[in-house]
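Since the model is a prediction, treat every value here as computed from it, not as a measurement. The analysis underlying the following values was restricted to heavy atoms, covering all of them including side chains, and did not include hydrogens, waters or symmetry mates.
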Amino acid sequence: MPIIIALRVILLRILRLLFSIMIEAWIFKKSFNISPKLSVQYAMALNLLANSCEWIVFLNAETVFPAEARKELIYYLLVEQIQETSPSIFLLTAFNFTLLLFIKWMGFETLKILLSKDIPKITQVFQGIPEGNLQMTKKYKDFRVILIAHTLSYSLFLGLVFTLLILE
């Protein structure tokens with residue numbers, strides 16, 4: 001039985017990652033007018049970063065929670081099962097959504113800086129000098145696109161998990 005649960009967890013995590021990459025790459029391609037290959041690379045990098053940080057936060061948060069909250073967290077993140085509907089599940093979902101969104105946005109901004117190959121611009125950003133050539137609307141456009149992509153992929157995954165929950 002534990003092998004079946006472990007395989008189910010691994011399969012759900014892989015499906016989540018693949019669906020997220022697929023949806024976000026499509027949105028990045030349409031919104032940023034970039035090649036399909038580059039949009040998939042951006043989506044892969046952001047989702048792998050977000051999943052890695054999610055596990056780091058999960059492993060650290062799990063040690064400080066009380067026993068009942070720890071049990072709910074483990075069931076929610078590992079087994080993708082909800083024992084009972086409680087406010088802590090909704091708080092965990094909202095926190096997880098916000099955390100992943102923040103990580104993806106910061107990762108996207110970091111990728112843009114690293115791939116720009118504009119050394120004076122990079123040093124201005126790290127020195128805190130305002131960027132004259134970047135408009136604020138462009139920065140907000142990037143955030144809106146990442147927000148839409150993340151919301152759509154996260155909603156699809158939650159729909160998949162709750163559908164599996166109902167079918168059981």
Distance in Å, [X] [atom1] paired with [Y] [atom2], rounded so as to fall on 0.5 Å steps:
| X | Y | atom1 | atom2 | result |
| --- | --- | --- | --- | --- |
| Arg144 | Ser31 | CZ | OG | 10.0 Å |
| Asn33 | Ser39 | CG | OG | 11.0 Å |
| Leu111 | Glu109 | CG | CD | 9.5 Å |
| Ile148 | Phe143 | CD1 | CZ | 10.5 Å |

With the 4.5 Å side-chain cut-off for hydrophobic clustering, are [X] and [Y] part of the same group?
| X | Y | result |
| --- | --- | --- |
| Leu99 | Ile146 | no |
| Leu101 | Ile56 | no |
| Phe108 | Val145 | yes |
| Trp55 | Leu17 | no |

| query | Can you name the side chain to side chain contact (heavy atoms under 4.5 Å, CB included) partners of Thr151, sequence neighbours left out? | reply |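 Per chain and number, Thr151 pairs via side chain to side chain contact (heavy atoms under 4.5 Å, CB included) with Phe97, Leu147, Ser155.
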For residues 40-50, dump all side-chain donor-acceptor pairs below 3.5 Å to protein atoms at least two apart in sequence or in another chain.
from, atom 1, to, atom 2, distance (Å)
Asn47, OD1, Lys104, NZ, 2.9
Asn47, ND2, Glu24, OE1, 3.0
Asn47, ND2, Ala43, O, 2.8

| Shortest non-hydrogen contact between Ile27 and Ala149, atoms and distance |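 Ile27 and Ala149 have their closest heavy atoms at CD1-CA, 3.5 Å.
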| Closest non-hydrogen atom pair between Phe28 and Ile34, with its separation |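 Smallest heavy-atom distance, with atoms named: O-CG1, 3.9 Å.
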| field | Listed once per pair and sorted, the salt bridge (charged side-chain N to carboxylate O under 4.0 Å, His left out) pairs that draw on residues 25-36, sequence neighbours left out | value |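 Applying salt bridge (charged side-chain N to carboxylate O under 4.0 Å, His left out) to every pair that reaches into residues 25-36, excluding sequence neighbours, yields nothing.
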| Of all pairs that satisfy salt bridge (charged side-chain N to carboxylate O under 4.0 Å, His left out), the ones with a partner from residues 37-53, not counting sequence neighbours |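 Passing the test, one end in residues 37-53: no pairs.
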| query | Less than 4.5 Å apart, any side-chain heavy atom of Asn51 and any of Glu54? | reply |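 Yes. Closest side-chain heavy atoms under 4.5 Å.
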| message | Please evaluate residues Tyr154 and Asn96 with respect to the criterion side-chain contact (heavy atoms from CB on, under 4.5 Å), reporting the C-alpha separation (whole Å), side-chain torsions for both, the decisive distance (0.1 Å), and the verdict. | response | CA-CA 10 Å; Tyr154 199 82; Asn96 195 23; 3.2 Å; yes
| Are His150 and Phe102 close enough, and set up right, to give a side-chain contact (heavy atoms from CB on, under 4.5 Å), and what steps lead you there? | CA-CA 10 Å; His150 177 65; Phe102 178 73; over 6 Å; no
| message | Set out, in order, the CA-CA distance, both residues' side-chain angles and the distance that settles side-chain contact (heavy atoms from CB on, under 4.5 Å) for Leu156 and Leu152, then state yes or no. | response | CA-CA 6 Å; Leu156 178 72; Leu152 194 58; over 6 Å; no
| side chain to side chain donor-acceptor pair (under 3.5 Å) partners for Ser20, two or more places apart | none
| request: Report the residues that fulfil ring-ring contact (aromatic ring centres under 6.0 Å, His included) with Phe95, sequence neighbours left out, ordered by chain and then residue number. | output: none
